[in-house]
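Report on the following structure.
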Number of protein chains: 2
Amino acid sequence: MNTTINYLELLKNNQLKVTPQRSVILEQINKFGHIDIDTLYMYVKKQFPNISLATLYKNINAMLEKTILKEVKIAGIKTKYELTKAQHIHTICNKCGAVEDLFIDTNTISEQIKSETNFIADECDMNFFGVCKNCQ
Amino acid sequence: MNTTINYLELLKNNQLKVTPQRSVILEQINKFGHIDIDTLYMYVKKQFPNISLATLYKNINAMLEKTILKEVKIAGIKTKYELTKAQHIHTICNKCGAVEDLFIDTNTISEQIKSETNFIADECDMNFFGVCKNCQ
DNA sequence: CTGGGTGCAAAGTATTTGCATGAAC
DNA sequence: GTTCATGCAAATACTTTGCACCCAG
């Protein structure tokens, strides 16, 4: 049920050396879906007790630049990171805090924006706040 | 053409004391539409050379709590603040950096989300990245 | 072997807190 | 007069940088 991702190829294809630290970082981000730096640090430390926060930041930044990762900035909570995947939006539950992906079409709105304002959008972030199924 | 806002009432109605500093803060945020803390500090200092960053942060946080203000977190740029107003979305130009408001309907998507996932959304943030009319 | 990655320490930036004084109501 | 805001200094949190050493290719 979990998508298998080839971290090795992902790194190689982006001219980043494959190190065990990087593999674990990607593994953990994928496991959590969305994770903030401190939680990630905590989990990566379980496999690399000596890894430094600086290394984590450096790697995160390198992968952000290569667009392997994406920054998820959400009002009210710490910035999280996710693997870059198909265009999707986020739902954030105000009760339990869960952040979920939802793969829905966003092009319709982009086109509406273009016709109304001439702004040509090629990307978007959408965050919906409310109450998730489980918390209702 | 500029909406006149009664900062006095806005503060009073939210149980916040009316101080000249607060009025100027609201004035500047309104003038810029969206502004980050450093730019705001710079402009507020023109009228209150002795104001401290701490005071600015305290006021911003107080007004965020009362929902007079809203945090605008956008991937890649510094967090900005705006006055709370009718539901709207943001367009961010990748060339000139301009952040603009766009008042379009978001309920249709909220309903789509509800019917697809049972997530009940009561609010959303939407940021579209691309090229604005002027920069094309 | 060579270039880039790692870990540490230190620097830099951002944000919050505590407290004495002063202004709002 | 009482409560809360302000401004300063200090503390804390967050992120980046420099450098010596080490590993991936």
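The chains referred to below are lettered A, B, ... by the order of the sequence lines, with proteins before strands, and numbering in each begins at 1. What you see below is based on every heavy atom in this structure, not just the backbone, and it leaves out hydrogens, waters and symmetry mates.
- Residue Lys58(B) places a side-chain atom within donor-acceptor reach of the base of dG18(C), judged by atom type and a 3.5 Å distance cut-off alone.
- Between Ser52(B) and dA9(D), a side-chain N or O to OP1/OP2 separation shorter than 4.0 Å is absent.
- Using a distance-only test at 3.5 Å, with no hydrogens or angles considered, no donor-acceptor pair links the side chain of Thr91(B) to the main chain of Phe128(B).
- A salt bridge does not link Lys73(A) with Asp125(A): every distance from a Lys NZ or Arg NE/NH1/NH2 to an Asp or Glu carboxylate oxygen is 4.0 Å or more.
- Classification of the His34(A)-His90(A) ring pair by plane angle, with boundaries at 30° and 60°, yields perpendicular.
- Separating the NZ atom of Lys17(A) from the P atom of dC22(D) is a distance of 15 Å, rounded to the nearest angstrom.
- Using a 4.0 Å cut-off, some side-chain N or O of Asn59(B) falls inside it from OP1 or OP2 of dT6(D).
- More than 12 heavy atoms of other residues, nucleotides or ligands sit less than 6.0 Å from atom NZ of Lys85(A).
- Side chain of Glu116(B) to backbone of Lys114(B): no donor-acceptor contact under 3.5 angstrom is found.
- Per the geometry, CD belonging to Gln21(A) stands 17 Å off P belonging to dG4(C), to the nearest Å.
- Atom CG in Leu16(B) sits about 13 Å away from atom C1' in dT3(D), given to the nearest Å.
- In this structure, the CG atom of Leu53(B) is 15 Å from the P atom of dT17(C), given to the nearest Å.
- At whole-Å resolution of the value, CG in Asn13(B) and P in dC25(C) are 13 Å apart.
- When distances are taken from the side chain of Thr19(B) to each of dA14(C), dA24(C), dA24(D), the shortest belongs to dA24(C).
- Nearest-nucleotide positions on DNA chain C place Lys78(B) closer to the 5' end than the other of Pro20(B) and Lys78(B).
- Taking atom CZ of residue Phe48(A) and atom P of nucleotide dC23(D), one finds them 12 Å apart after rounding to whole Å.
- For dG7(D), its base sits under 3.5 Å from the side chain of Thr55(B) at one donor and acceptor pair at least.
- Remark: P of dA23(C) and CZ of Arg22(B) are 15 Å apart, rounded to the nearest angstrom.
- Of the side-chain N and O atoms in Tyr57(A), none sit less than 4.0 angstrom from OP1 or OP2 of dT16(D).
- At whole-Å resolution of the value, CG in Leu56(B) and P in dC8(D) are 14 Å apart.
- Residue Asn61(A) has no polar side-chain atom (N or O) positioned under 4.0 Å from OP1 or OP2 of dT15(D).
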